[in-house]
Amino acid sequence: MWLRDRTGTEPLTARSPLRARRVLSMVALVLAVAAAVFFAIRAMSTGEEVWRWEAAIAAAVAVVAAVDLLVIRHRSSGGRSRSGSGGQDRYEQ
């Protein structure tokens, strides 16, 4: 197979972008929640439809950032089961 004779150094120097992704997702989550609250208050005070849409968009961004943080947490843990059996118990039925 042509991938077995690889001579590059990429596996030795590769770095995971999860830490930067976690920081960006946290910042996006905080800003999106703050924006959603601000826009919702503005929509209630003015009654204009545009502020409701802005609040909905900001809330959607907050949900996406929260889901991304959950995915990052799962990937950081290696996706291992917590039962200690190495995840093989679901295949032994």
Side-chain angles (χ1 to χ4, degrees):
M1 190 112 198
W2 59 275
L3 288 177
R4 290 185 184 169
D5 298 330
R6 197 170 149 170
T7 60
T9 61
E10 189 259 328
L12 298 174
T13 60
R15 293 188 179 197
S16 174
L18 291 179
R19 184 175 294 154
R21 189 170 151 192
R22 179 182 293 129
V23 170
L24 290 173
S25 290
M26 281 192 231
V27 169
L29 180 63
V30 170
L31 290 177
V33 167
V37 169
F38 172 77
F39 293 141
I41 291 171
R42 188 84 167 154
M44 288 187 292
S45 67
T46 64
E48 294 181 25
E49 188 71 23
V50 68
W51 297 114
R52 290 187 187 127
W53 281 105
E54 294 285 344
I57 292 169
V61 170
V63 168
V64 169
V67 169
D68 192 36
L69 285 171
L70 291 175
V71 169
I72 292 168
R73 178 200 272 174
H74 178 73
R75 288 187 180 176
S76 293
S77 68
R80 297 179 204 99
S81 70
R82 296 183 182 182
S83 64
S85 64
Q88 296 175 359
D89 54 343
R90 62 184 158 172
Y91 300 114
E92 298 174 355
Q93 296 178 351

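These values consider heavy atoms only, across backbone and side chains, with no hydrogens, waters or symmetry-generated copies. Remember, predicted model here, so these are calculated numbers, not experimental data.
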Working to the nearest 0.5 angstrom, can you tell me the gap between [X] [atom1] and [Y] [atom2]?
{"X": "Arg75", "Y": "Ser77", "atom1": "CZ", "atom2": "OG", "value": "11.0 Å"}
{"X": "Leu24", "Y": "Arg19", "atom1": "CG", "atom2": "CZ", "value": "13.0 Å"}
{"X": "Leu18", "Y": "Arg73", "atom1": "CG", "atom2": "CZ", "value": "14.0 Å"}

Any chain of hydrophobic side-chain contacts (each under 4.5 Å) joining [X] to [Y]?
{"X": "Val67", "Y": "Ile72", "answer": "no"}
{"X": "Met44", "Y": "Val37", "answer": "yes"}
{"X": "Met26", "Y": "Val61", "answer": "no"}

Minimum heavy-atom distance Ala58-Ala32, with the two atoms named: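 The pair with the smallest heavy-atom distance is O-CB, 3.4 Å.
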Closest approach of Ser25 to Asp68 (non-hydrogen atoms, all atoms of both residues):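 Residues Ser25 and Asp68, closest heavy atoms: OG-OD2, 2.6 Å.
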